[in-house]
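Structure, as structure tokens:
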Number of protein chains: 2
Amino acid sequence: MVRTRATVRDLRRQNRSVLLTALFLDGPLSRQQLSSTTGLSAATASTITGELLDEGLLVEAGSVESDGGRPRVLLRVNPAFGHVIGVDVGETGIKVELFDLAMTRLSTVDHPLAVVEPVAVCELIAAGVGEVLSAAGVAASSVLGVGVGVPGTVEQGTSAVVHAQTIGWDAVPLEKMLRAAGVEPPLYVENGAKTQGQAEMWFGAGRGTRHAVIALVGSGVGVAVVTGGVVHRGATSNAGEWGHTTIAYGGRRCRCGARGCLEAYAGAEAMLGRYREALRRDVPRLDEQSALEDLLSSRSAVARRVVDESVGYLGAGIANLVNLFNPELIVLGGWAGLALGARKLDEIVAATADHALRHPFGQVRLELGRTGPDAVAVGAATLPVAVLLETGAHHRD
Amino acid sequence: MVRTRATVRDLRRQNRSVLLTALFLDGPLSRQQLSSTTGLSAATASTITGELLDEGLLVEAGSVESDGGRPRVLLRVNPAFGHVIGVDVGETGIKVELFDLAMTRLSTVDHPLAVVEPVAVCELIAAGVGEVLSAAGVAASSVLGVGVGVPGTVEQGTSAVVHAQTIGWDAVPLEKMLRAAGVEPPLYVENGAKTQGQAEMWFGAGRGTRHAVIALVGSGVGVAVVTGGVVHRGATSNAGEWGHTTIAYGGRRCRCGARGCLEAYAGAEAMLGRYREALRRDVPRLDEQSALEDLLSSRSAVARRVVDESVGYLGAGIANLVNLFNPELIVLGGWAGLALGARKLDEIVAATADHALRHPFGQVRLELGRTGPDAVAVGAATLPVAVLLETGAHHRD
DNA sequence: GAGGCTTATTTTTAGGCGCGAACTAACCTC
DNA sequence: GAGGTTAGTTCGCGCCTAAAAATAAGCCTC
């Protein structure tokens, strides 16, 4: 359903957006190709790219000979037009990364943090922004925006407010605080699972897909639902709490207080917890990732039972996503999801098949995530880029 | 993310659509009001409404005095501009209803059918279309479209194909068959739950809501998810199979073959089935609706246990929707949902609260559906109207 | 009941936009 | 270097919305 009126200016904005997006996603293209892929006339493609070249958003990128005729001049988004910064606020520290407009990583800073306390986090982010800029020799003025991925949910009002139970944040006005700490560029605060989903859609397994669900299994469990290239946020940006959907009515107590949540069975924390319970003793105090690796590679009957059960629950959880969303693609990501998927993908698919309806199951593929450990930061950095592309970087309003 | 290029013509189409939609949904409005609510300039509002008046899409609807100045002339969609037909293909027969463009019901035809067999259904629909038209004295040429709500899922290709397990339809090319049976107007085939959801959004509890979930509990269980006024279809129009999401891992066998589906606990069929099991005898052979009424009003301990358990499962299922979609509104509809909700709404809300995360739960309201038993037909009839509004009834392409 | 006032709608004018056609540019082959 | 081929640009047309000006249609006052 159409939302609002349109003016002549909106036309130009939209067409700029279409061209810019095509160039960003599908690499260098000639005006010719742009015209045919976007459906714009050659005349319009030419005028708009001319405008974008003048503004410095595009640059020429060599040329390609054409059968006997004038060679095509390739155009691409000017990587140096501006820069974007992605921040990953994790449970053990923060990571700040600087990218150019081609999403090439220019520099990275990691700051471990024993206690992820809001004020300290904001100061570290402010410092980190300065550090990545000076490390890469990039001027602060060329930063188009800073994206911040946080655990928990984000209320997107006039100023973003974060609710993150796992790190004890209750209604933290992060945007205001970052501003106060001296972060000047436009800010985009978003749930980390959603930024990671965005990264997977743009650069990972989701490329070119319209309806996808990115399931993130880490210590906990979350999901990003993408429809037509847009991450589903819900009424108040709380959508995607897959981990706390009931999958075993009346079952295990979850840390959220309810019983039978998926996260009480399928996340790394839950798997390790159930393993400890089954063993009736504590496993060695390793960090969670090594502990999970040990569990997954253990040949003990107990370990295998715990893992197999988890695979079953995870499959049922994935089947629920298949039945509710009917996506073309489900991406299994998150460090624990990747670890489990690397060993047990076939079993997960089988468990999904057991619980999903035949028809939607027949139309979905299940793939492992392809983005690395800094997907949250990359995804966060795409937020300002997405805005640039959507508005077509229109100078006037 | 913007999809495709736009031309000057698209501008006009969109603005026509905006005006037409405003007039359709918010009753008679003056050009003045149209201009301020849509944001279009008074000049443009005037030109476009003039055009629409000329084309017969709008009519004047009296005038309202304004403080001392020229009175406002009210405009509204011309109810007689065209008519739409909604068809409800149920498990026990078909219903055909004729509406004018103000969605006033002009005539209705019911055809019970012992066996819902595709060819017979198509012939009955073709006959029904003729009957409702002649009953109301409406010319076939003024029918803008026929919407058909069917159980099961609909593959929307070049021609709609229906998969409906409950009535034994496997890949029935309904659109082609209806065409062959002599139904001439444009056809819109859609899943009945989704058409019912559409009706609830336009005329029922969902009015004015952007993010809503309409949960339909009848014999089985389904859901329509609405985001920004659009029903979510998924990659292949299979989305919303809420009834077959796993809620009790390893639990009761469902008719879909899997274990622990919500539908195995919360639909009317499941409730009655569990009641029979608990009683260890068959309940009297009533029709399903009376049987459910009896169960709900029974004071026996067994009946109350079955009902209370169902409420618990249903609440957990609703909580899953809250956690995954974060809607502002959940509408509980369907005949069984309404019957249960009329008696147990508070308990359902409490059960939902037990399983949902606090934050998204705090932002959702749970309401009972307000559309009557022919919501499927009404919703189906809105399909052609939605197309008319979206395209702005643009004459040229 | 004439003139002034207020508000709604229409007409006029100006500035933008995309498209098709005509035109120019840049290469190749012979 | 002439002719052919393909890529990109320029120009005029028709369409669009917005702002300003003009007109319409009531009310109020004297």
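Bear in mind that the values here come from a model prediction, so they are computed numbers and not experimental data. Order of the sequence lines sets the chain letters (A, B, ...), proteins ahead of strands, with each chain counted from 1.
- Atom-to-atom, CD of A/Gln33 to C1' of D/dT6 comes out at 13 Å; the value is rounded to the nearest Å.
- The distance between atom CZ of A/Arg16 and atom P of C/dG18, rounded to the nearest whole Å, is 11 Å.
- Salt bridge annotation for B/Glu55-B/Arg16: present, with a cationic side-chain nitrogen under 4.0 angstrom from a carboxylate oxygen.
- At D/dC16, none of the side-chain N or O atoms of B/Asn15 fall inside 4.0 Å of OP1 or OP2 (strictly under the cut-off).
- Between B/Asp10 atom CG and D/dG14 atom P the separation is 20 Å, expressed in whole Å.
- Distance A/Leu34 CG to D/dG8 C1': 12 Å, rounded to the nearest Å.
- Under a 4.0 Å N-O distance rule, the pair A/Arg233/A/Glu190 qualifies as a salt bridge.
- Looking at residues two or more places apart in sequence or on another chain, you find a side-chain contact (heavy atoms from CB on, under 4.5 Å) between A/Arg72 and A/Ser30, A/Gln32, A/Val64, A/Ser66.
- Each of B/Gln32 and A/Pro71 lies near DNA chain C, and the nucleotide nearest B/Gln32 is the one positioned closer to the 5' end.
- Under the 3.5 Å distance criterion, the side-chain polar atoms of B/Thr37 are matched with a main-chain donor or acceptor of B/Gln33.
- Checked against side-chain hydrogen bond (donor to acceptor under 3.5 Å, both in side chains), A/Arg105 has the following partners two or more places apart in sequence or in another chain: A/Glu97, A/Asp374.
- If you take CZ of A/Arg12 and P of C/dG15, they are 17 Å apart, rounded to a whole angstrom.
- Phosphate proximity of C/dT10 to B/Arg31: present, with a side-chain N or O under 4.0 Å from OP1 or OP2.
- Judged as a ring-ring contact (aromatic ring centres under 6.0 Å, His included), the pairs with a partner in residues 7-62 of chain A (not counting sequence neighbours) are, in order, A/Phe24-A/Trp202.
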Mind listing the N/O atom pairs, protein and nucleotides 1-5 of chain D, below 3.5 Å?
{"residue": "D/dG4", "atom": "N2", "partner": "A/Gly68", "partner atom": "O", "Å": "2.7"}

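- Sorted pairs that involve residues 35-85 of chain B and meet ring-ring contact (aromatic ring centres under 6.0 Å, His included), not counting sequence neighbours, are lacking altogether.
- Residues from residues 38-47 of chain B lying near DNA chain D, meaning a heavy-atom separation below 4.0 Å, are B/Leu40, B/Ser41, B/Ala43, B/Thr44 in numerical order.
- Out of C/dT9, D/dC16, C/dC19, the shortest distance to the side chain of B/Ser30 is found at C/dT9.
- Remark: B/Arg72 is in phosphate contact with C/dA8, judged by side-chain N or O atoms under 4.0 Å from OP1 or OP2.
- Using a cut-off of 4.0 Å between Lys/Arg side-chain N and Asp/Glu carboxylate O, A/Glu200 and A/Arg207 are scored as not salt-bridged.
- One finds no salt bridge joining A/Arg179 and A/Glu184 here, because no Lys/Arg side-chain nitrogen approaches an Asp/Glu carboxylate oxygen to under 4.0 Å.
- OP1 or OP2 of C/dG15 has not a single side-chain nitrogen or oxygen of A/Arg9 nearer than 4.0 Å.
- Note: CD (B/Glu51) to P (C/dT10) measures 13 Å, nearest angstrom.
- In this structure, A/Gln14 atom CD and D/dC16 atom C1' are separated by 15 Å, rounded to whole Å.
- Counting to the nearest Å, the P atom of D/dG14 and the CG atom of A/Leu11 are 19 Å from each other.
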